[in-house]
J.: 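Below are the structure tokens for one structure; questions will follow.
Each ligand, and each atom within it, is numbered from 1 in the order the structure gives. Every heavy atom of this structure was used, including side-chain atoms; hydrogens, water molecules and symmetry mates were not.
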Amino acid sequence: MERTFVMVKPDGVQRGLVGEVVSRLERKGLKLVGMKMLWIKKELAENHYAEHKEKPFFSALVDYITSGPVVAMVVEGRNAIKVVRNLVGATNPAEAAVGTIRGDFGLDVGRNIVHASDSPESAEREISLFFRDDEILDYERADEPWIYEEK
Ligand code: DAT
Ligand code: MG
């Protein structure tokens with residue numbers, strides 16, 4: 001089993017898409033093992049997006065992600081990192097496939113609704129930036145035998 005970090009960004013919260021995003025993850029069979037609402041401060045935003053600090057869009061990105069509350073999640077499942085990236089869709093919603101979250105709900109790369117970790121290294125880093133160990137819960141979902149053939 002793999003864990004990944006997912007976040008409904010301020011535009012997703014403001015547009016009432018939290019339930020839609022969570023619902024798509026749940027229906028896929030992924031398990032929510034951590035969830036919180038928070039308003040990201042500048043320092044955390046700069047840290048979270050550190051890989052982009054030399055990019056021309058960095059300051060706009062930090063302003064956007066700190067512009068309102070977000071919903072942060074830890075999501076668990078087999079191949080969760082890749083599976084969630086596929087559910088989220090391409091970075092630019094204008095190019096994201098229909099059926100993905102960004103493809104169905106967005107138009108602008110600067111308002112792309114949701115974040116998801118892109119690798120095991122970033123998942124580990126991002127989960128630890130947003131969650132303490134005791135905020136991540138270990139439990140079985142009742143439908144697991146109907147989602148996985150083998151444990
Ligand atoms: P992703 O969020 O798909 O992992 P990323 O890590 O390359 O994409 O970029 C992080 C965020 O930065 C992305 O969600 C939106 C913003 N961004 C990326 N490329 C951009 C660009 N060319 N112009 C404006 N914003 C951009
Ligand atoms: Mg990224």
J.: Assess whether a salt bridge exists between Asp104 and Arg24, defined as any Lys/Arg side-chain N lying under 4.0 Å from an Asp/Glu carboxylate O.
T.: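 Yes, Asp104 and Arg24 are salt-bridged.
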J.: Given 3.5 Å as the limit, does a donor-acceptor pair link the side chain of Glu2 with the main chain of Ile81, or not?
T.: yes
J.: Ignoring hydrogens and angles, tell me if any N or O in the side chain of Arg85 forms a donor-acceptor pair with the backbone of Ala116 under 3.5 Å.
T.: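 Such a contact is found between Arg85 side chain and Ala116 backbone.
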J.: Using a threshold of 4.0 angstrom between heavy atoms of the protein and any atom of ligand 1, which residues qualify?
T.: Lys9, Tyr49, His52, Phe57, Leu61, Arg85, Thr91, Arg102, Val109, Asn112
J.: Is there a donor-acceptor pair under 3.5 Å between the side chain of Ser67 and the backbone N or O of Tyr64?
T.: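 The answer is yes, because a donor-acceptor pair under 3.5 Å joins these two groups.
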J.: May I ask you to say whether Glu144 pairs ionically with Arg141, meaning some side-chain N is under 4.0 Å from a carboxylate O?
T.: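 Here Glu144 does not pair with Arg141 in a salt bridge, since their nearest N and O are not under 4.0 Å apart.
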J.: Assert yes or no for the condition that the ring centre distance of Tyr49 to Phe58 is strictly below 6.0 Å.
T.: no
